[in-house]
Each structure stands twice: as structure tokens, then as C-alpha cells.
Peer 1: 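Supplied in C-alpha cells, the structure appears directly below.
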Amino acid sequence: MAVVGEKNVLYRREDLVAYECDGFTLCRGEARAVVFPANTEEVAAVVRLLNRENIPFIARGAGTGLSGGATPLGGEVIVSLVKMKKLLQVDFENRIAVVQPGYVNLKLTQSIAGEGYYYAPDPSSQSACTIGGNVAENAGGAHCLKYGVTTNHILGAEVVLPDGKVIRLGEDGIPDLPGYDLLGLLTGSEGTLGIITEITVRILKTPEAKQTILAYFDDVEEGSQAVSDIISAGIVPAALEMMDQTAIEAVESANFPVGHPLDVQALLLIEVDGIAAEVREQAKEIVEVCRRRNVREVKVARDEKEAAAWWANRKTGFGAMGAISPDYLVQDGVIPRSTLPEVLKKIREISQDTGLRIANIFHAGDGNLHPLILFDERKPGEKERALEAGSRCLKVCADVGGSITGEHGVGIEKKEEMRFIFTDEEIEAQLRIRDVFNSKNLLNPDKLFPKPGRCAEVKKEIKERKLAEV
Ligand SMILES: Cc1cc2nc3c(=O)[nH]c(=O)nc-3n(C[C@H](O)[C@H](O)[C@H](O)COP(=O)(O)OP(=O)(O)OC[C@H]3O[C@@H](n4cnc5c(N)ncnc54)[C@H](O)[C@@H]3O)c2cc1C
């Protein structure tokens with residue numbers, strides 16, 4: 001309180017309830033307090049105090065994370081960045097913007113659209129999530145297929161280290177700095193290396209033209225093949241999204257229905273952008289590719305209003321699950337695109353084995369799957385079966401040469417699944433790097449990495465641990 005003032009600290013039990021978890025609601029813990037610093041100096045002063053007193057702490061943006069990264073495990077102080085929400089500078093000449101970490105993602109594009117610019121990374125949560133949280137998670141989004149994920153758009157950052165020292169990383173646009181790429185290391189480190197207090201991002205010129213195409217398939221495999229065919233044709237769409245039948249049922253039952261037929265097996269939502277003539281050609285070619293793959297219907301949006309309606313329907317897809325199921329668990333795996341039909345088949349088998357419906361909404365172009373496991377927490381055993389199904393989906397992704405997360409991070413949820421893709425030695429090397437920055441392991445402790453131990457023993461423990469945690 002001495003640092004930020006009494007009105008910027010929450011410590012009563014009833015006030016802390018809202019901070020028990022992030023968007024991964026299956027795991028909850030109680031924080032010791034929440035503090036709301038107003039600037040870098042206050043963050044540094046709070047961190048120095050916590051470090052001196054050996055009190056663990058966690059940075060938190062909007063709390064939309066889906067893997068428990070901002071969730072307390074018990075007794076941590078949450079350093080909330082939501083009051084640091086200013087757009088500090090826009091430099092159109094050098095195409096950069098400087099923001100505080102609590103600045104909401106979508107606001108940046110809204111602020112610069114009038115000048116013909118935008119910020120490319122567009123997580124579906126962009127109307128709520130913060131750019132600080134995006135950097136910590138290396139967030140992706142529908143339009144990251146062509147433009148890259150957050151790390152490709154971050155040019156510099158100011159960071160408060162876990163001992164309270166302040167450093168700057170990157171050099172705001174100067175390419176190829178000598179020394180280690182610490183900015184790259186920080187991006188995606190899930191709040192375990194430092195608290196980001198200022199970010200310099202790249203902004204892009206709004207493309208001259210874009211077209212949005214919607215294609216309905218009676219066969220998931222044909223839809224999956226169309227995805228590969230589009231990329232093989234040399235087209236890199238700005239976005240290439242897929243939804244399966246269960247997902248279509250959900251989005252059509254929720255707040256933004258657009259009249260998708262409910263009996264198709266899959267739909268593709270594709271956007272191409274660039275120079276007008278090229279965009280027209282690419283849209284035509286995509287329509288042809290879909291026809292060759294026996295599409296039931298394929299159409300190009302008549303105008304921006306229709307395209308926006310299709311996108312709103314897609315972007316609210318996770319929340320739409322609430323319309324068809326009391327609870328759902330979002331998974332996030334990555335696979336080589338060519339394995340899509342095989343992986344979707346295996347996910348259907350997991351659904352049959354566990355008796356739980358699984359919807360699929362995903363960034364098909366870059367092979368980033370989001371199986372959504374539907375369950376009812378009130379029914380005994382369903383939550384545990386959902387967690388088991390989630391872990392099995394990630395194993396399938398790892399087994400075909402993919403990864404256990406594309407954009408939602410590891411957090412608490414997938415710590416043990418890190419062993420699906422890393423050896424003990426590889427995990428140990430990463431832990432040594434964490435220790436250089438976070439030597440007392442006070443910043444976001446017990447996240448991201450599994451406990452040390454032999455693989456076989458720990459794998460045996462996974463199920464028990466998960467059941468105990470929830
Ligand atoms: C409906 C829905 C849709 C989503 N869609 C997408 C999507 O398309 N793509 C995608 O990538 N993600 C998506 N997400 C996940 C989530 O929105 C992202 O991970 C986002 O980047 C989290 O931002 P946040 O501000 O909410 O961070 P939080 O949830 O508050 O924190 C996330 C992690 O970042 C750390 N952190 C936060 N701020 C800082 C900081 N300033 N310095 C250091 N560490 C920090 C926290 O400690 C935590 O580990 C979605 C979530 C929801 C609920």
C-alpha cells in the first residue's frame with residue numbers, strides 16, 4: 001500500500017474471488033492480494049518489496065488466458081497491469097506504436113484505422129486481452145497465417161526483472177542487434193522471466209483490398225484436403241479457418257448466427273488480402289479449388305457487412321459452446337497441416353471412447369487445432385473425463401510431429417504434457433534459463449514446466465495430479 005496507495009490494493013477475501021483463475025476455470029487458487037501499479041516505477045517498487053520479503057507474485061493482464069498462466073496457486077500477490085493502459089506513441093513514418101502492457105489489443109487497430117494502419121495479431125479475445133498478455137503468451141489469431149504471431153510484431157520492450165531492476169529489450173526497429181535475442185526469449189515466456197511494462201509494436205498498412213470466402217463441405221476430409229490444396233496452389237490467405245459440424249451447431253445456436261447449414265460436416269472461412277487485382281484472382285482460384293474438392297456450396301462475401309458477420313460468428317465460437325453445453329474445455333495443439341484428416345479421425349475416436357462431444361474450431365491454415373471438449377461438471381466423473389480427453393488430444397498432436405500448444409500456452413494446464421515434446425535434458429536447459437532471470441522462482445512459480453523427475457514416473461502421476469488439482 002505504501003507504494004501504490006490503499007485504493008490500488010485488494011486484499012479482502014470477497015475481492016480476491018474474481019482473481020481465483022483465468023479463462024481456464026478448472027483450476028483455482030487464492031491470491032494473497034492484488035495490486036494495481038500505475039507505471040513502471042511503481043511495478044519495480046512493488047517487485048523489489050516482494051522480492052525482499054520472498055513473497056511469490058504473478059503478472060496479470062485481462063485474465064483471458066486459457067491455460068491458467070495468471071491463476072494463483074495459493075498465496076501469490078497478483079500484479080495487475082490493467083491500469084497501465086495508455087497508447088503512448090504512434091509513429092506512422094516508422095510504422096511503430098508504443099503501448100503500456102494493459103492496453104487492449106483491439107483498441108490499437110481502432111485507434112490507427114483512420115490513418116490506414118492496423119495491428120496484425122488478432123486473437124479472438126482481442127476486444128478484452130491486453131498486449132502485455134499477448135507478448136507473454138506469444139498470442140496468435142485468425143490472421144496470423146500470413147502475417148505471423150505476436151513475436152513477429154514486437155520490436156522492443158521495457159521489463160521489470162523479478163528482483164525489481166528495469167531493463168529495455170530490443171531497439172525499437174533496429175534489426176539484428178548483437179548479443180542474445182532476449183526479446184525473443186521473453187516473448188512467450190508466460191510471465192516467468194519478468195513483468196513487461198512497455199511494448200513497441202510494428203503496425204502495418206491496411207491492405208488495399210480483401211475478400212472473404214465461405215465454403216461448406218459434406219465430408220471433413222474433402223474440406224481438409226481443400227486447405228492443403230489452397231496452400232499448395234501458392235496462395236497464402238490472410239486467414240484460413242475451419243469449423244466442424246458440432247462447432248457449426250454451437251455458433252448457429254449462439255448470439256451471432258449467420259444461417260450456416262447444420263447438416264454439413266465442415267466449413268472453411270478464408271480471407272485473402274493485398275492488391276485488388278491479385279485478391280480477385282486468388283478468390284477465384286480458391287473457389288475453383290473448393291469445387292474440385294466436391295464443396296456443397298462456396299460463396300464470396302457480397303460486401304464488408306456480410307464478411308464482418310461471418311467473422312463475428314467465427315470469433316465468438318468458443319463462447320458459443322455455452323449454447324450447447326454447460327461446460328467446455330478448450331484445447332490447443334499444433335499439427336503438420338498434411339496430418340489434419342488423420343488427427344481429426346483420432347479426435348473423433350477420443351470423443352467416442354470418453355463419451356464426450358468434441359467440437360473443432362481451428363486455424364486450419366497453420367495447423368493450429370482447438371478441440372473443444374463438451375462436458376457437464378455436475379455429472380460425476382465428466383470433468384475428469386474432459387481433462388483426460390484434452391490430454392489425449394495433445395498426445396495425438398505430439399505423436400504426428402506437432403506441439404501441445406499453438407497459442408494458449410502451457411500455464412498450469414499442460415505442464416506435464418511438456419514431456420510429450422521435450423526430453424528431461426531439454427526441460428532442464430529451459431529451467432536453467434528461467435533461473436538466470438528468476439533465481440528465487442518467485443515470479444509465477446510452478447507454471448510452464450513439469451516437476452523434475454524421470455519421465456516414466458511422472459507420466460504415471462499425471463492423471464492423479466490432475467484429479468487432485470481440480
Ligand atoms: C474466448 C477466447 C478466445 C481466445 N482466442 C485466442 C486466440 O485466438 N489466440 C490466442 O493466442 N489466444 C486466445 N485466447 C487466449 C488469451 O486471450 C491470450 O492468451 C491472451 O494473450 C491473454 O492476454 P491477457 O491480457 O488476458 O493475459 P492474462 O490471461 O492476464 O495473462 C496470461 C499470461 O501472461 C502473463 N502476463 C500478463 N501480462 C503480463 C505482463 N505485462 N508481463 C509479463 N507477463 C504478463 C500472465 O502472468 C500469464 O502467465 C482466447 C481466450 C478466450 C477467453
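For ligands, and for the atoms within them, numbers begin at 1 and follow the listed sequence. By convention here, the first residue in the shown sequence is residue 1.
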Peer 1: Mind checking whether Lys447 contacts ligand 1 via backbone (N, CA, C, O), side chain (CB onward), both or neither, at a 4.0 Å heavy-atom cut-off?
Peer 2: neither

Peer 1: Any nitrogen or oxygen of Leu81, side chain or backbone, less than 3.5 Å from one on ligand 1?
Peer 2: no

Peer 1: Give me the atom names and distance for the closest heavy-atom approach of Cys27 to Cys21.
Peer 2: O-CB, 3.4 Å

Peer 1: Once you restrict to heavy atoms under 4.0 Å, what part of Val135 touches ligand 1? Side chain, backbone, both or neither.
Peer 2: neither

Peer 1: Within the structure provided, determine whether Thr25 and Arg28 are in side-chain contact (heavy-atom separation under 4.5 Å).
Peer 2: yes

Peer 1: Can you report which non-hydrogen protein atom sits closest to atom 43 (C) of ligand 1, along with the distance?
Peer 2: Gly194 O, 3.3 Å

Peer 1: Looking only at N/O atoms, are Ala59 and ligand 1 under 3.5 Å apart anywhere?
Peer 2: yes

Peer 1: What atoms in ligand 1 come closer than 4.0 Å to a heavy atom of Arg60?
Peer 2: 30 (O)

Peer 1: Record the part of Ser125 in heavy-atom contact with ligand 1 below 4.0 Å; permitted values are side chain, backbone, both and neither.
Peer 2: both

Peer 1: Tell me which part of Glu137 gets within contact of ligand 1: side chain, backbone, both or neither, using heavy atoms under 4.0 Å.
Peer 2: side chain

Peer 1: So if I count the atoms of ligand 1 from 1 in the order they appear, which ones are less than 4.0 Å from some heavy atom of Glu190?
Peer 2: 49 (O)

Peer 1: Would you say the ring centers of Trp311 and His143 fall short of 6.0 Å from each other?
Peer 2: yes

Peer 1: Going by atom types alone, do Ser391 and Glu417 pair a side-chain donor with an acceptor below 3.5 Å?
Peer 2: yes

Peer 1: Hey, is Lys383 close enough to Asp376 for a salt bridge, meaning N to O under 4.0 Å?
Peer 2: no

Peer 1: Would Asp332 and Asn368 count as a side-chain hydrogen bond (donor to acceptor under 3.5 Å, both in side chains) if you check the C-alpha gap in whole Å, the side-chain angles of each, and the deciding distance to 0.1 Å?
Peer 2: CA-CA 7 Å; Asp332 168 41; Asn368 184 191; 2.9 Å; yes

Peer 1: I'd like to know whether ligand 1 has Gly23 as a neighbour, heavy-atom separation below 4.0 Å.
Peer 2: no

Peer 1: Return a yes/no value for Thr64: is any of its N or O atoms, backbone included, closer than 3.5 angstrom to an N or O of ligand 1?
Peer 2: yes

Peer 1: Answer yes or no: does an N/O atom from Gly65 fall short of 3.5 Å to an N/O atom of ligand 1?
Peer 2: yes

Peer 1: Would you please say whether a donor-acceptor pair under 3.5 Å links the side chains of Asn313 and Glu252?
Peer 2: yes

Peer 1: Looking only at protein heavy atoms, identify the closest one to atom 12 (N) of ligand 1 and say how far it is in Å.
Peer 2: His408 CD2, 3.5 Å

Peer 1: Kindly compute the distance separating NE2 (His153) from CG (Asn134), expressed to the nearest 0.5 Å.
Peer 2: 11.0 Å

Peer 1: What is the closest protein heavy atom to atom 48 (C) of ligand 1, and at what distance does it sit?
Peer 2: Gly69 C, 3.5 Å

Peer 1: Enumerate the atoms of ligand 1 whose separation from the nearest heavy atom of Asn444 is less than 4.0 angstrom.
Peer 2: 47 (O), 49 (O)

Peer 1: Kindly determine whether Phe449 and Arg434 satisfy side-chain contact (heavy atoms from CB on, under 4.5 Å), including the steps that lead there.
Peer 2: CA-CA 10 Å; Phe449 298 106; Arg434 185 195 63 187; 4.3 Å; yes

Peer 1: How many angstroms lie between atom CD of Glu416 and atom CZ of Arg419, to the nearest 0.5 angstrom?
Peer 2: 5.5 Å

Peer 1: Does the distance from a Lys or Arg side-chain N to an Asp or Glu carboxylate O, for Arg95 and Asp91, drop under 4.0 Å?
Peer 2: no

Peer 1: Closest non-hydrogen protein atom to atom 8 (O) of ligand 1, residue and atom name please, with distance?
Peer 2: Ser124 N, 2.9 Å

Peer 1: Identify the closest protein heavy atom to atom 31 (O) of ligand 1: which residue and atom is it, and at what distance?
Peer 2: Ala70 CB, 3.9 Å

Peer 1: To which protein heavy atom is atom 27 (O) of ligand 1 closest, and what is the distance rounded to 0.1 Å?
Peer 2: Gly133 CA, 3.6 Å

Peer 1: Looking only at distance, does Gly140 have an N or O less than 3.5 Å from an N or O of ligand 1?
Peer 2: yes

Peer 1: Strictly distance-based, threshold 3.5 Å: is any side-chain N or O of Ser351 a donor or acceptor partner for the main-chain N or O of Ile347?
Peer 2: no

Peer 1: Could you say whether the N/O atoms of Ile196 and ligand 1 ever approach to under 3.5 Å?
Peer 2: yes

Peer 1: Considering distance alone, does some N or O of Ala62 sit under 3.5 Å from an N or O of ligand 1?
Peer 2: yes

Peer 1: Is there at least one pair of N or O atoms, one from Gly61 and one from ligand 1, spaced under 3.5 Å apart?
Peer 2: yes

Peer 1: Looking at Ile195, which atoms of ligand 1 are within less than 4.0 Å of one of its heavy atoms?
Peer 2: 42 (N), 43 (C)

Peer 1: Under 3.5 Å between some N or O of ligand 1 and some N or O of Asp122?
Peer 2: no

Peer 1: Counting both backbone and side chain atoms, is some N or O of Phe318 under 3.5 Å from an N or O of ligand 1?
Peer 2: no

Peer 1: Under the 6.0 Å and 45° cation-pi test, does Lys395 pair with Phe420?
Peer 2: yes

Peer 1: Val166 and side-chain contact (heavy atoms from CB on, under 4.5 Å): which partner among Val43, Thr40, Val159?
Peer 2: Thr40

Peer 1: May I ask you to decide whether Lys210 forms a salt bridge with Glu304, counting only side-chain N to carboxylate O separations under 4.0 Å?
Peer 2: no

Peer 1: Any atoms of ligand 1 less than 4.0 Å from a non-hydrogen atom of Pro101? List them with their elements.
Peer 2: 41 (N)

Peer 1: Look at atom 25 (O) of ligand 1 and say which protein heavy atom is nearest, naming residue and atom and giving the distance to 0.1 Å.
Peer 2: Thr130 OG1, 2.7 Å

Peer 1: Which residue and atom name correspond to the protein heavy atom nearest atom 21 (O) of ligand 1, and how close is it?
Peer 2: Asn134 ND2, 2.9 Å

Peer 1: How long is the span from the CD atom in Glu249 to the CE atom in Met321, to the nearest 0.5 Å?
Peer 2: 9.0 Å

Peer 1: Given Ala139, Gly102, Ala136, which has its nearest heavy atom closest to atom 36 (N) of ligand 1?
Peer 2: Ala136

Peer 1: In this structure, is the centre-to-centre distance between the rings of Phe318 and His370 below 6.0 Å?
Peer 2: yes

Peer 1: Heavy-atom contact check, 4.0 Å cutoff: does Pro121 meet ligand 1?
Peer 2: no

